[in-house]
A.B. asks: 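Below are the structure tokens for one structure; questions will follow.
For reference, positions follow the sequence shown, starting with 1. Quick caveat: nothing in here was measured; it's all calculated off a predicted structure.
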Amino acid sequence: MERLLMQQLIHWKNKKTRKPLIIRGARQVGKTWLMKEFGKRYFEQTVYISFDNNERMKNVFEADFDLPRILSSLKIESGQQIEPEKTLLIFDEVQEVPKALTALKYFCENAPEYPIVAAGSLLGVALHRGTSFPVGKVEFLNLYPLNFQEFVLAVGETGLADLLEQPDYQIINAFSGKYRELLRRYYYVGGMPEAVQIYLDTDDVHEVRRIQKELLTYYANDFSKHAPVQTVPRIQMVWNSIPMQLSKENRKFIYGMIREGARAKEFELAIQWLLDCGLIHKAYRIRKPGLPLISYMEMGSFKIYLLDVGLMSAMGSLDARTLLEGNQIFQEFKGALTEQFIAQELTASGIELYYYSADNSSGEIDFVVQKGGQVVPVEVKAEENLQAKSLRMFCRKYHLETAVRTSMSDYREQEWMINVPLYAVSGYFADFSRRTSGIE
């Protein structure tokens with residue numbers, strides 16, 4: 001299935017000042033497939049090295065950073081020749097051999113003619129353990145589960161997917177029925193590549209749910225295998241509480257929902273571990289919508305989202321029949337799924353997540369985003385409810401020029417607000433800078 005990140009990989013390949021590239025992302029989001037497919041399409045040959053349980057490679061990089069010796073060892077390991085510019089070197093699960101990470105600095109400085117792409121699912125965890133990191137000598141890309149546009153591509157609706165990227169809202173509105181149906185399916189299937197593939201192969205939502213449950217078990221096993229022993233139960237408790245946290249009207253993360261009497265200092269490390277693994281996204285509360293938003297961020301007030309809306313529906317035990325019965329999917333759990341969906345669409349677009357709530361807890365703005373030198377509030381509606389009183393009051397109070405309400409309603413521009421269909425959010429924000437600057 002096609003991944004939009006491929007275009008950024010092509011751009012990286014052609015850069016004159018190319019550095020070794022690290023692709024970050026949670027386990028099972030498709031990093032290995034993407035790297036191999038990139039090599040297959042755009043290089044004469046690919047040398048793939050997995051560092052997982054690889055004592056030979058560990059010994060190679062432990063010795064020293066002599067690049068001719070390392071390259072010779074890589075040739076022996078792979079059984080292939082390695083030619084400058086023609087061979088893509090792939091270092092997979094690179095966090096398992098920390099010295100291999102350090103070696104990227106020497107490739108950058110002394111052998112930039114060897115293109116290297118590395119990936120590590122638990123890279124953030126490794127760095128917190130004190131791994132020496134080649135700061136300034138590598139580039140990064142983030143890979144997430146398939147976003148909605150990629151899902152539309154995967155199911156064979158190339159025209160609809162391309163339309164979201166343009167975007168031509170007059171035509172998008174004309175095909176709103178198709179987009180809504182696809183979005184309902186995406187809420188259930190999500191974007192984990194294995195779940196999407198089984199959906200394409202079988203068209204069986206029960207098989208999709210089985211795969212999602214297996215993925216959740218896989219992640220739980222990761223907690224036990226890789227996290228500090230004393231932190232594992234708390235990681236599991238935080239992880240299991242997320243659907244409940246998002247089902248509340250006020251979706252702010254409450255420690256007391258994990259267990260009675262729970263305090264922040266008991267669970268901070270657990271939350272950080274999940275962040276480092278890429279399994280959750282965090283949206284921080286801001287005191288006011290000023291530039292830059294990070295200056296008004298409150299570290300102690302936040303919302304947590306999962307990496308994937310399909311896993312969210314699986315954890316919430318959303319019944320498969322809701323997929324087949326039209327808008328019923330939006331009746332139960334609708335707010336949580338919709339806000340989860342928007343959170344991951346924004347994250348995949350490279351947008352940092354923030355939200356606003358008043359000190360007296362009345363009047364919350366679901367997301368506040370910063371892009372194109374402007375701050376824009378975003379209100380999320382699960383269906384076609386077009387009331388936006390809180391949003392309007394917020395814009396008047398802080399004199400904001402533009403606001404976005406995203407719902408199942410068609411795209412339209414009003415005097416102070418733009419209604420963006422849920423299914424077109426990623427395309428809208430990809431095009432956001434041009435729109436807000438007035439450049440046509």
Side-chain angles (χ1 to χ4, degrees), residues 1-26 29-49 82-92 94 101 104-121 123 133-154 158 161-167 191 193 278 344-352 369-373 425-437 439:
M1 57 192 74
E2 194 62 40
R3 299 306 304 267
L4 300 179
L5 203 67
M6 188 68 78
Q7 296 304 312
Q8 296 184 54
L9 290 174
I10 296 169
H11 176 72
W12 169 80
K13 175 183 184 293
N14 296 328
K15 287 172 63 174
K16 292 182 179 180
T17 57
R18 181 186 64 213
K19 301 175 183 178
L21 177 68
I22 293 178
I23 298 178
R24 296 179 292 196
V29 296
K31 298 186 297 299
T32 300
W33 178 89
L34 180 64
M35 293 187 296
K36 287 183 174 180
E37 186 69 14
F38 175 54
K40 179 181 176 181
R41 293 186 191 180
Y42 300 105
F43 288 85
E44 290 186 16
Q45 64 176 351
T46 300
V47 168
Y48 173 83
I49 306 291
I82 299 175
E83 298 184 56
E85 300 296 343
K86 296 181 180 180
T87 303
L88 177 67
L89 288 170
I90 298 176
F91 292 174
D92 206 359
V94 69
L101 267 176
L104 297 180
K105 169 187 175 182
Y106 299 95
F107 275 101
C108 176
E109 293 176 341
N110 304 318
E113 66 273 19
Y114 293 97
I116 301 176
V117 178
S121 304
L123 187 58
F133 195 75
V135 178
K137 304 299 181 180
V138 295
E139 301 177 49
F140 292 98
L141 286 176
N142 295 316
L143 183 65
Y144 302 103
L146 279 75
N147 71 359
F148 179 63
Q149 183 184 351
E150 291 173 315
F151 177 76
V152 175
L153 271 174
T158 306
D162 291 344
L163 194 56
L164 292 175
E165 198 167 0
Q166 294 174 12
Q344 66 187 73
E345 289 287 290
L346 293 176
T347 299
S349 299
I351 296 174
E352 296 289 333
V369 305
Q370 175 183 325
K371 198 167 176 67
V425 163
S426 62
Y428 174 82
F429 279 102
D431 197 38
F432 184 82
S433 295
R434 180 185 67 81
R435 289 182 166 275
T436 55
S437 64
I439 299 174

A.B. asks: So which atom in Phe43 and which in Lys86 form the shortest heavy-atom distance, rounded to 0.1 Å?
C.D. replies: CB-O, 3.7 Å
A.B. asks: Kindly determine whether Leu163 and Gln166 satisfy side-chain contact (heavy atoms from CB on, under 4.5 Å), including the steps that lead there.
C.D. replies: CA-CA 5 Å; Leu163 194 56; Gln166 294 174 12; 3.8 Å; yes
A.B. asks: When rounded to the nearest 0.5 angstrom, what distance separates CD1 in Ile116 from CD1 in Ile49?
C.D. replies: 11.0 Å
A.B. asks: Kindly write out the residues that satisfy side chain to side chain contact (heavy atoms under 4.5 Å, CB included) with Asp162, not counting sequence neighbours, or none if the list is empty.
C.D. replies: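 Testing Asp162 for side chain to side chain contact (heavy atoms under 4.5 Å, CB included), a comparison that skips the adjacent residues, returns Thr158.
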A.B. asks: If you look at every heavy atom in Gly278 and Ala26, which pair is closest and at what distance?
C.D. replies: O-CB, 3.6 Å
A.B. asks: So among Lys19, Gln8, Arg18, Lys15, which one has a side-chain hydrogen bond (donor to acceptor under 3.5 Å, both in side chains) with Glu139?
C.D. replies: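 For Glu139, the side-chain hydrogen bond (donor to acceptor under 3.5 Å, both in side chains) test succeeds with only one of Lys19, Gln8, Arg18, Lys15, which is Lys15.
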A.B. asks: If you apply the rule side-chain contact (heavy atoms from CB on, under 4.5 Å), what do you find for Leu21 with Leu9, and how did you get there?
C.D. replies: CA-CA 9 Å; Leu21 177 68; Leu9 290 174; 3.4 Å; yes
A.B. asks: Any side-chain heavy atom of Leu104 sitting closer than 4.5 Å to one from Ile22?
C.D. replies: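 They are in contact (side-chain heavy atoms under 4.5 Å apart), so the answer is yes.
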A.B. asks: Kindly give the heavy-atom pair with the smallest separation between Ala161 and Val152, and that separation in Å.
C.D. replies: N-CG1, 3.7 Å
A.B. asks: Considering all heavy atoms of both residues, which atom of Val29 and which atom of Pro193 are nearest to each other, and what is their separation?
C.D. replies: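 Taking every non-hydrogen atom into account, O-CG, 3.4 Å.
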A.B. asks: Quick one, Thr32 with Tyr48, criterion side-chain contact (heavy atoms from CB on, under 4.5 Å). Give me CA distance, side-chain angles, the key distance, then yes/no.
C.D. replies: CA-CA 9 Å; Thr32 300; Tyr48 173 83; 3.8 Å; yes
A.B. asks: On a heavy-atom basis, which atom in Ala348 and which in Asn147 lie closest, and how many Å separate them?
C.D. replies: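 Looks like CB-CB, 4.5 Å.
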A.B. asks: In chain order, what residues pass the salt bridge (charged side-chain N to carboxylate O under 4.0 Å, His left out) check against Lys137, with sequence neighbours excluded?
C.D. replies: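 Result, salt bridge (charged side-chain N to carboxylate O under 4.0 Å, His left out) vs Lys137: Glu109.
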A.B. asks: What pairs with Glu150 under salt bridge (charged side-chain N to carboxylate O under 4.0 Å, His left out), at least two apart in sequence or on another chain?
C.D. replies: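 Glu150 satisfies salt bridge (charged side-chain N to carboxylate O under 4.0 Å, His left out) with Arg3 only.
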A.B. asks: Just how far is it from atom OH of Tyr114 to atom CG of Leu89, taken to the nearest 0.5 Å?
C.D. replies: 8.5 Å
A.B. asks: Decide whether Ser121 and Lys31 meet the rule of one side-chain donor and one side-chain acceptor closer than 3.5 Å.
C.D. replies: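 Distance-only check passes for Ser121 and Lys31.
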A.B. asks: According to salt bridge (charged side-chain N to carboxylate O under 4.0 Å, His left out), who are the partners of Glu113, at least two apart in sequence or on a separate chain?
C.D. replies: none
A.B. asks: How long is the straight-line distance from NZ of Lys36 back to CD1 of Ile90, given to the nearest 0.5 Å?
C.D. replies: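 Output value for this atom pair is 7.5 Å.
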A.B. asks: For Ala154, what residues pass the side chain to side chain contact (heavy atoms under 4.5 Å, CB included) criterion, not counting sequence neighbours?
C.D. replies: Met1, Leu146, Val196, Leu200
A.B. asks: In Å and rounded to the nearest 0.5 Å, what is the CG to CH2 distance from Leu5 to Trp12?
C.D. replies: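 If we round to the nearest 0.5 Å, Leu5:CG and Trp12:CH2 are 12.0 Å apart.
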A.B. asks: Nearest 0.5 Å, please: how far is OH in Tyr42 from CG in Leu88?
C.D. replies: 12.5 Å
A.B. asks: Quick one: do Leu346 and Val425 satisfy side-chain contact (heavy atoms from CB on, under 4.5 Å)? Show the steps, please.
C.D. replies: CA-CA 8 Å; Leu346 293 176; Val425 163; 4.3 Å; yes
A.B. asks: Compare all side-chain heavy atoms of Leu34 with those of Val117 and state whether any distance is below 4.5 angstrom.
C.D. replies: no
A.B. asks: Considering all heavy atoms of both residues, which atom of Leu143 and which atom of Gly30 are nearest to each other, and what is their separation?
C.D. replies: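 Residues Leu143 and Gly30, closest heavy atoms: CD2-C, 3.5 Å.
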A.B. asks: Spell out, as yes or no, whether a donor-acceptor pair under 3.5 Å connects the side chain of Gln149 to the backbone of Gly427.
C.D. replies: no
A.B. asks: Can you find a heavy atom in the side chain of Tyr144 that is under 4.5 Å from one in the side chain of Gln344?
C.D. replies: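 No - every pair of side-chain heavy atoms lies 4.5 Å or more apart.
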A.B. asks: Restricting to side chain to side chain contact (heavy atoms under 4.5 Å, CB included), what partner residues turn up for Pro112, sequence neighbours left out?
C.D. replies: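 Per chain and number, Pro112 pairs via side chain to side chain contact (heavy atoms under 4.5 Å, CB included) with no residue.
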A.B. asks: Can you see whether Glu352 engages Gln370 through a side-chain donor-acceptor pair at a distance of less than 3.5 angstrom?
C.D. replies: no
